[in-house]
Trainee: 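Sharing a structure here in structure tokens format.
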Amino acid sequence: MNYIKDTLDFHIEEPSAVSLGKFDGLHLGHQYLIRELEKGREQGYKSVIFTFDVPPRSLEETDCKVLLTNREKEQIFDGAGIDAVIECPFTETLKSMLPREFLKMLTEKIPVRMIVAGTDFRFGKNRSGGPDELRQYAQEFGYRAVIVDKVQYEGEDISSTRIRSCIADGRMEEANTLLGYPYFLRAAVLHGNEIGRKLGFPTVNQRPEEQKLLPPNGVYVSSVTVDGERYYGLTNIGQKPTVGGGYPTGAETFIFDFDREIYGQEIQVGFLKYLRPERKFPSMEDLQRQIEEDRKAAQRHIR
């Protein structure tokens, strides 16, 4: 996959089908857009995703968390077989473009034959462009506009906002249904204080990127992918209050039936089910007993 970022000076030579959007979460609605994009391949077009390096709303919100980091999105796009991803810097120049200017810029850099977007897609200065403008300028710039209706689940639109709400409440099973995959954290394994190993439950520790949305502090049944192999485990998100607290918020995972050193390696931890909140225990022995109960609960859920 050709991954283009940090520049407005991008060019693709081949006739292309382009999908426009933020793609935060790459949920079932986004996946439907990608399936429409793939139809362009049947006509010989390259499949291209055009997105931004930061969510436009992050310029107005001080605490703007994302469902997927850019690195995580890149991984999913690559797995979906997309030919090129343009992660465009959201500059003042781009912000000030009127809809027609934006489409003119895009079609001068890419021989666009097809544009795929959702009914809620907005672009151009002050979000003044949308599906109507994509259709309006289609003939002038030589592409076909494909506008895709929102995908629904249980009578409501699937959206990144809806999924964020589920995750913020710890409703992981609902969030995962809307995403079409387990919500995950992908990050390198860091050295910890090895308290878990002393308790008989060795853990791998990860620190999320600052903008990554994490579920509430607590204990989760998890799936863990290491070198393409899937395992199950138990993940705690929080600040380790029983061993002193004050740690930066992170994830530590006890991987079932796993005994390898993977420090420095990127692994993926998916959150399957919320079990309980994080809390401080009177002693390490009490913590050890609770982890054993959590392990049993997790294995019942996995079965």
Side-chain angles (χ1 to χ4, degrees), residues 18-39 47-77 79-80 82 85-88 90 95 99 102 115-124 126-135 145-186 208-209 211-216 220 270-274:
V18 181
S19 189
L20 307 169
K22 299 188 293 291
F23 296 99
D24 189 22
L26 278 166
H27 53 63
L28 290 176
H30 296 136
Q31 292 165 39
Y32 189 76
L33 288 177
I34 291 172
R35 285 197 293 274
E36 287 295 313
L37 192 65
E38 289 171 350
K39 293 178 182 178
S47 58
V48 178
I49 296 290
F50 183 96
T51 188
F52 301 110
D53 61 347
V54 297
R57 63 189 175 86
S58 68
L59 302 179
E60 289 91 39
E61 299 177 21
T62 56
D63 188 28
C64 178
K65 300 292 187 182
V66 297
L67 297 174
L68 293 177
T69 65
N70 291 342
R71 173 77 181 87
E72 290 167 343
K73 276 196 283 191
E74 178 187 357
Q75 172 199 344
I76 296 179
F77 283 134
I82 298 297
V85 173
I86 299 167
E87 187 185 285
C88 190
F90 197 59
K95 282 171 59 180
F102 172 80
I115 288 182
V116 180
T119 53
D120 60 346
F121 177 67
R122 295 293 178 270
F123 68 103
N126 298 324
R127 294 167 49 87
S128 55
D132 289 343
E133 285 69 26
L134 288 176
R135 295 187 186 99
V146 178
I147 308 303
V148 178
D149 289 333
K150 299 282 282 186
V151 176
Q152 292 199 330
Y153 176 73
E154 293 186 342
E156 293 183 42
D157 290 346
I158 295 177
S159 69
S160 301
T161 300
R162 182 179 175 187
I163 294 167
R164 272 191 214 96
S165 176
C166 291
I167 292 169
D169 293 341
R171 292 180 282 130
M172 302 313 301
E173 289 156 302
E174 182 178 351
N176 295 343
T177 296
L178 301 176
L179 286 165
Y181 60 86
Y183 186 64
F184 67 87
L185 165 67
R186 186 173 182 86
E209 293 187 36
Q211 71 270 31
K212 174 74 175 183
L213 177 66
L214 288 180
Y220 296 81
F271 305 100
L272 304 181
K273 181 180 176 61
Y274 174 76

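Each residue takes its place number in the sequence, starting with 1.
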Trainee: Checking K212 against E72 for the salt bridge (charged side-chain N to carboxylate O under 4.0 Å, His left out) test, could you report, in this order, the C-alpha distance in whole Å, the side-chain angles of both residues, the deciding distance, and whether it holds?
Mentor: CA-CA 10 Å; K212 174 74 175 183; E72 290 167 343; 2.9 Å; yes
Trainee: Let me see the working for E36 and K39 under salt bridge (charged side-chain N to carboxylate O under 4.0 Å, His left out), right down to the final yes or no.
Mentor: CA-CA 5 Å; E36 287 295 313; K39 293 178 182 178; 2.9 Å; yes
Trainee: Keeping S165 on the side-chain end and T161 on the backbone end, is there a donor-acceptor pair under 3.5 Å?
Mentor: no
Trainee: Is it the case that the side chain of Q31 and the backbone of L26 share a donor-acceptor pair, with hydrogens and angles ignored and the cut-off at 3.5 Å?
Mentor: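 It does hold such a pair.
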Trainee: Distance from N176 atom CG to I163 atom CD1, nearest 0.5 Å?
Mentor: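 So the CG of N176 and the CD1 of I163 are separated by 9.5 Å.
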Trainee: Using modelled atom types only, decide if a donor and an acceptor are shared between the side chain of S19 and the backbone of V116 within a distance under 3.5 Å.
Mentor: yes
Trainee: Relative to the ring of F102, is the ring of F123 parallel (under 30°), tilted (30 to 60°) or perpendicular (over 60°)?
Mentor: tilted
Trainee: Nearest 0.5 Å, please: how far is CG in L178 from CD in E156?
Mentor: 9.0 Å
Trainee: Taking the side chain from D24 and the backbone from V66, do they hold a donor-acceptor pair closer than 3.5 Å?
Mentor: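 Checking the backbone N and O of V66 against the side chain of D24, no donor-acceptor pair under 3.5 Å is found.
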Trainee: Going through the checks in order, is the side-chain contact (heavy atoms from CB on, under 4.5 Å) test met by T177 and E173?
Mentor: CA-CA 6 Å; T177 296; E173 289 156 302; 5.6 Å; no
Trainee: Test side-chain contact (heavy atoms from CB on, under 4.5 Å) on Y181 and I76; report intermediate values, then the result.
Mentor: CA-CA 11 Å; Y181 60 86; I76 296 179; 4.0 Å; yes
Trainee: Can you tell me how far apart CZ (R135) and CD1 (I147) are? Round to the nearest 0.5 Å.
Mentor: 5.0 Å
Trainee: Could you pull out the closest heavy-atom pair between G118 and P131, with the gap in Å?
Mentor: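 Taking every non-hydrogen atom into account, O-CG, 3.9 Å.
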Trainee: Check this for me, if you would: do R162 and D157 make a salt bridge, where the nitrogen-to-carboxylate-oxygen distance has to be below 4.0 angstrom?
Mentor: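 Here R162 does not pair with D157 in a salt bridge, since their nearest N and O are not under 4.0 Å apart.
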Trainee: Can you name the nearest heavy-atom pair linking P215 to Y183, along with the distance?
Mentor: CD-CE2, 4.4 Å
Trainee: Please tell me if the side chains of K65 and R164 come closer than 4.5 Å, counting only heavy atoms from C-beta onward.
Mentor: no
Trainee: Does a side-chain heavy-atom distance below 4.5 Å link L20 with L134?
Mentor: yes
Trainee: Please report the C-alpha distance between D169 and Y274 in whole Å, then the side-chain angles of each, then the deciding distance to 0.1 Å, and finally whether the side-chain contact (heavy atoms from CB on, under 4.5 Å) criterion is met.
Mentor: CA-CA 10 Å; D169 293 341; Y274 174 76; over 6 Å; no
Trainee: Got more than 12 heavy atoms from elsewhere within 6.0 Å of OH, Y32?
Mentor: no
Trainee: Let's go through I167 and F271 carefully: what are the C-alpha distance in whole Å and the side-chain angles of both, what is the deciding distance for side-chain contact (heavy atoms from CB on, under 4.5 Å) to 0.1 Å, and is it a yes or a no?
Mentor: CA-CA 10 Å; I167 292 169; F271 305 100; over 6 Å; no
Trainee: What's the spacing between Q211 CD and L67 CG if we round to 0.5 Å?
Mentor: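 Rounded to the nearest 0.5 Å, the CD-CG separation comes to 11.5 Å.
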Trainee: How close do L28 and V151 get, counting heavy atoms only, and between which atoms?
Mentor: O-CG2, 4.3 Å
Trainee: Answer yes or no on whether K73 is positioned over the face of F52, meaning its NZ or CZ is under 6.0 Å from the six-membered ring centre and within 45° of the axis.
Mentor: no
Trainee: Do P182 and M172 come close enough that some side-chain heavy atom pair is under 4.5 Å?
Mentor: no
Trainee: For the pair F23 and H30, name the ring-plane relationship: parallel under 30°, tilted 30 to 60°, perpendicular over 60°.
Mentor: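 Plane angle between 30° and 60°, so tilted.
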Trainee: Which distance, rounded to the nearest 0.5 Å, do you find between the CZ of R122 and the CD of E133?
Mentor: 8.0 Å
Trainee: Is there a donor-acceptor pair under 3.5 Å between the side chain of D53 and the backbone N or O of F90?
Mentor: yes
Trainee: Counting only N and O atoms by type, is there a donor-acceptor contact under 3.5 Å from the side chain of Y220 to the main-chain atoms of G170?
Mentor: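 Here the side-chain-to-backbone pair does not exist.
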Trainee: If you measure from CD1 on I158 to NE2 on H27, what distance do you get to the nearest 0.5 Å?
Mentor: 7.5 Å
